[in-house]
2 protein chains.
Amino acid sequence: MTVNGRHSGRPTLEEVAARAGVGRGTVSRVINGSPRVSDRAKAAVEVAVAELGYVPNRAARALAGNRTDAIALVIPEPETRLFAEPYFSDIIRGVGAELADTDMQLLLTLIRTPKERSRFAQYLSAHRVDGVLLVSVHEDDPLPDLLEQLDMPAVLNGRRSDLESVSYVDSDNVGGARSAVGYLLGRGRRAVATITGPVDMYVARCRLDGYRQAVGAAGLGDDASLVARGDFTEEGGRRAMRELLARRPDVDAVFAASDVMASGALQVLREAGRRVPDDVALIGFDDSVIARHTDPALTSVRQPIEEMGRTMARVLLEEIAERTSVRRHVVLATELVRRDSA
Amino acid sequence: MTVNGRHSGRPTLEEVAARAGVGRGTVSRVINGSPRVSDRAKAAVEVAVAELGYVPNRAARALAGNRTDAIALVIPEPETRLFAEPYFSDIIRGVGAELADTDMQLLLTLIRTPKERSRFAQYLSAHRVDGVLLVSVHEDDPLPDLLEQLDMPAVLNGRRSDLESVSYVDSDNVGGARSAVGYLLGRGRRAVATITGPVDMYVARCRLDGYRQAVGAAGLGDDASLVARGDFTEEGGRRAMRELLARRPDVDAVFAASDVMASGALQVLREAGRRVPDDVALIGFDDSVIARHTDPALTSVRQPIEEMGRTMARVLLEEIAERTSVRRHVVLATELVRRDSA
DNA sequence: AGAGATCGTGGGAGCGCTCTCACGCACGGT
DNA sequence: ACCGTGCGTGAGAGCGCTCCCACGATCTCT
């Protein structure tokens with residue numbers, strides 16, 4: 001049941017050429033959108049392509065053209081679990097949306113063991129993708145450096161530090177934290193505490209910075225007794241909140257650097273008999289599912305995750321297209337989503 | 001520059017062969033694990049491969065071998081949002097784990113528009129993947145039929161009906177619902193209601209069936225006034241719960257076919273002044289993040305999602321390996337996770 | 001001991017593209 | 001009229017692999 005052909009497969013370039021009455025080269029030019037083709041030839045080829053239902057063979061193209069038309073989305077596993085839940089799918093949604101009109105393929109690569117990491121390095125040097133999207137980079141992650149060294153187009157989601165050299169797309173963690181704390185201060189709260197993430201994570205430091213900036217801008221001194229260290233887990237949030245309550249019984253607002261920690265803090269506040277938001281206002285970060293389901297629902301800082309995914313893909317495609325290795329750094333704005341907890 | 005000289009790329013099969021002092025064919029046999037190679041030749045090749053850091057060129061292999069060593073994970077978009085959030089990442093985690101020791105690539109394909117759907121169909125007929133993993137099939141989804149028609153190895157996550165012909169991996173929705181309801185009955189609840197999903201979804205019907213089986217087994221009649229229809233949304237859960245409360249003020253337990261609906265029901269119960277679990281016991285389904293963060297935390301039926309992902313991948317690989325198209329149907333057990341709501 | 005069967009092996013013939021080059025042909029300028 | 005100059009074009013030469021066939025060497029079995 002092959003169209004009218006002798007062999008049992010998909011039509012090839014050659015067959016299209018024969019049908020259109022042109023050479024292989026001309027068909028190739030039309031397929032790849034080269035301008036140096038006469039209108040007549042182009043039309044003929046397009047007809048033949050349509051009639052035969054021709055679709056280029058990716059492998060052949062990759063082999064001849066020395067490219068792959070594929071990019072990898074790399075996810076270091078340990079992270080995934082920690083993530084605010086919709087994060088992952090939102091990033092993918094964004095990347096997918098941006099890639100939809102391209103014929104780039106999206107390869108998913110999970111890395112959870114050192115073995116898989118080195119496997120991936122090998123993978124990269126075998127040039128099996130045209131570019132890499134790296135989610136949730138750690139400060140001590142060697143992958144970005146490897147990517148840079150191999151001169152492989154790459155875009156990080158987040159960055160390792162202020163000095164990040166590899167291209168990245170990040171959300172404005174500092175600004176988000178600052179506006180959350182600013183909001184609390186604006187509502188007359190005076191003893192505004194914060195529960196931080198692990199301070200060896202850049203993103204945690206940024207949120208703490210934002211807190212400090214807002215507090216400083218309000219003319220309040222930097223009071224260490226209002227800063228408790230968490231670790232982005234619920235239990236960590238509980239612990240930090242207990243600490244805060246012990247140190248500063250007068251606390252009237254808390255900015256937690258993640259919804260998960262805020263959720264933990266909320267439990268402790270309730271147990272301690274503090275009403276939220278009446279006695280203590282509470283703001284989280286991430287605007288995750290959790291935020292909508294706690295009682296009261298959490299006011300939280302939303303990151304434009306899907307937009308980040310889209311931007312990452314766009315930036316990567318640009319970087320692949322122009323072969324120069326100009327780094328791009330994009331920081332997207334966050335948004336304070338007001339609910340009931342503050 | 002490339003003919004037989006040192007070119008600037010990765011080592012090729014040919015170079016490995018030269019270095020090992022054997023022919024191209026022999027190297028290929030070693031690489032692909034063919035048994036018909038002498039130990040001596042095999043050792044020599046392995047040394048050469050290691051020394052040169054040889055990694056086979058995927059495109060060349062695909063072109064010559066007429067396969068791709070890639071499978072697609074297809075996600076119909078409208079669904080994704082509905083999903084209990086960790087679902088998606090858990091499936092991916094499972095698939096990834098199973099694929100880790102293979103050199104199969106995982107391609108992610110989002111389908112959100114009819115245009116993308118037809119694009120994907122074309123993609124399939126161009127044979128760009130060796131197999132397909134299809135998440136969250138709808139009953140009227142034409143994709144599985146297309147897959148079957150193209151004779152493309154495929155595994156569904158869930159099934160369209162009892163008569164599903166394509167291979168699938170599903171969780172035991174009927175059994176999960178039955179055990180949840182059985183648990184409620186076992187604790188002495190007598191007016192056990194259920195909030196169903198949309199009845200045009202197979203999974204929703206299964207959970208309703210499980211409910212009916214448990215109620216029937218307890219010798220209680222099938223009481224339509226205890227069945228309220230939801231739609232897997234929170235608002236649907238609220239509406240159904242109000243309905244239930246109006247019809248049966250004596251209701252003392254509710255089995256909701258999803259955590260999201262259970263969360264909605266919980267709000268209505270609280271507003272109505274019913275204590276959970278004292279007055280009304282409540283069980284959800286999915287064991288999602290939400291379940292852990294409501295107050296009280298939801299007892300819920302857990303699906304082994306990651307295990308489903310793993311199984312899907314394993315089944316697909318088998319199906320690709322043996323070219324026969326024997327269908328496989330795997331149903332994995334669920335587990336009742338007891339928390340505070342029942 | 002001879003005839004087959006079996007094994008390991010090398011290398012030719014592609015797989016379906018892209019790249020490149022050289023060939024016409026139509027122009028413009030002189 | 002002449003010669004460039006440019007454009008559109010066809011086709012050869014690979015890209016790096018797998019498949020397959022044929023070859024000699026070894027191993028059976030009568």
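Note that these values count all heavy atoms, side chains included, but never hydrogens, waters or copies made by symmetry. Just so we're on the same page: letters track the sequence lines, and every chain starts at 1. Everything numeric here is computed off the predicted structure, so don't read it as measured data.
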Nearest-0.5 Å distance, CE of residue B:Met152 to CG of residue B:Asp130: 7.5 Å
Integer-rounded Å distance: D:dG14 P and B:Glu14 CD: 13 Å
A:Arg36 CZ - C:dC21 P separation (whole Å): 14 Å
N/O (side chain, A:Ser28) to phosphate O (OP1/OP2, C:dT18) under 4.0 Å: yes
Spacing between B:Asp69 atom CG and D:dC17 atom P, to the nearest angstrom: 13 Å
Touch class at under 4.0 angstrom, heavy-atom based, for A:Ala59 against every strand present: nothing
Separation of D:dC15 P from B:Asn57 CG (nearest whole Å): 11 Å
For atom CZ of A:Arg58 and atom P of C:dC17, their distance in whole Å: 13 Å
Heavy-atom donor-acceptor pair, A:Arg29 side-chain to D:dG10 base, under 3.5 Å: yes
5' precedence on DNA chain C between B:Asp39 and B:Ala64 (nearest-nucleotide basis): B:Asp39
Distance-only donor-acceptor test, B:Arg24 side-chain atoms vs D:dT18 base atoms, 3.5 Å: yes
Side chain of A:Leu13 - closest among C:dC17, C:dG10, D:dC17: C:dC17
Upstream residue (5' side of DNA chain D) when B:Arg61 and A:Leu63 are each assigned their closest nucleotide: A:Leu63
Nearest-Å distance for atom pair CZ/P, residues B:Arg67 and C:dG16: 16 Å
Toward the 5' end of DNA chain C, by each residue's nearest nucleotide, B:Ala60 or B:Ser38: B:Ser38
Nearest-0.5 Å distance that lies between atom CD in A:Gln105 and atom OG1 in B:Thr109: 7.5 Å
Distance in Å, B:Leu99 CG paired with B:Leu317 CG, rounded so as to fall on 0.5 Å steps: 5.5 Å
Positive for side chain to side chain donor-acceptor pair (under 3.5 Å) with B:Ser167, one of B:Arg327, B:Glu319, B:His329: B:Glu319
B:Lys115 with A:Asp101: basic N within carboxylate O range, under 4.0 Å: yes
Distance, rounded to the nearest Å, where B:Asn32 contributes CG and D:dC19 contributes P: 7 Å
Touch class at under 4.0 angstrom, heavy-atom based, for B:Ala62 against every strand present: nothing
Nearest-Å distance for atom pair CZ/P, residues A:Arg10 and C:dC15: 16 Å
